[in-house]
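Below is one structure, written out as structure tokens; the observations come after it.
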Amino acid sequence: MHELSIAEAVVDIAARHAGGRPVRVVELKVGHLRQVVPSALEFAFELVAQGTVLEGAELRMEEVGAAGICPTCGAETPLPEFPLCCRNCGGFDVEVTQGEELLVDSLELQENMATSGG
């Protein structure tokens, strides 16, 4: 299950950027070609986040569709399924331009609440 290693990397990156502040939401961009199973990644994220500033954070994922450029005909083409081929000429020598992303796009941090003494 490669989702566990992805979750570990996401928690590590987000924790470093949070600088000790609690994280409420982590937004990811996940390319279609990464073949991530969202439910498995959410489960792994919850496990890995326990005991960190990300514990209880919501994981939001946006899937980025695959696309490429065909060197044969020059068309920019969506690549919705395997095998990856140009939808214009049918060529298989397509250069992938998007769909392999896997990045932490943004974090929503919890604001520190000042306590008042009484």
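Keep in mind it's a predicted model, so treat the numbers as computed, not measured.
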Val94 reachable from Val96 in the ILVMFWY side-chain graph, under 4.5 Å edges: yes
Give the cluster check for Val30 versus Ile13: same hydrophobic cluster or not, with ILVMFWY residues linked at side-chain heavy-atom distances below 4.5 Å. yes
Going by salt bridge (charged side-chain N to carboxylate O under 4.0 Å, His left out), name the pairs with one or both residues in residues 59-78, residues two or more places apart or in two chains. Glu27-Arg60, Lys29-Glu62, Glu58-Arg60
Glu55 CD to Phe45 CZ distance, which is reported to the nearest 0.5 Å: 10.5 Å
Within the structure provided, determine whether Leu41 and Leu28 are in side-chain contact (heavy-atom separation under 4.5 Å). yes
Running the 4.5 Å side-chain criterion over Ile, Leu, Val, Met, Phe, Trp and Tyr, what cluster does Leu103 land in, apart from itself? none
For residues 77-91, dump all side-chain donor-acceptor pairs below 3.5 Å to protein atoms at least two apart in sequence or in another chain.
{"residue": "Thr77", "atom": "OG1", "partner": "Arg87", "partner atom": "N", "Å": "3.0"}

How long is the straight-line distance from NE2 of His32 back to CD of Gln98, given to the nearest 0.5 Å? 11.5 Å
Applying a strict under-4.5 Å side-chain criterion to I, L, V, M, F, W and Y, I'd like to know whether Met61 and Val25 cluster together. no
Does Leu4 share a hydrophobic cluster with Val104, counting links as ILVMFWY side-chain heavy atoms below 4.5 Å and allowing steps through other members? yes
Side chain to side chain contact (heavy atoms under 4.5 Å, CB included) partners of Val23, counting only residues at least two apart: Ala18, Val26, Val53, Leu54, Ala57, Leu107, Leu109
I need the full list of salt bridge (charged side-chain N to carboxylate O under 4.0 Å, His left out) pairs touching residues 39-54, with sequence neighbours left out, sorted by first then second residue. none
Find out whether His2 and Val36 are in side-chain contact, i.e. whether some heavy atom of one side chain is under 4.5 Å from a heavy atom of the other. yes
Applying side chain to side chain donor-acceptor pair (under 3.5 Å) to Asp105 and not counting sequence neighbours gives none
Distance check, rounded to the nearest 0.5 Å: Gln35 atom CD versus Glu3 atom CD? 10.0 Å
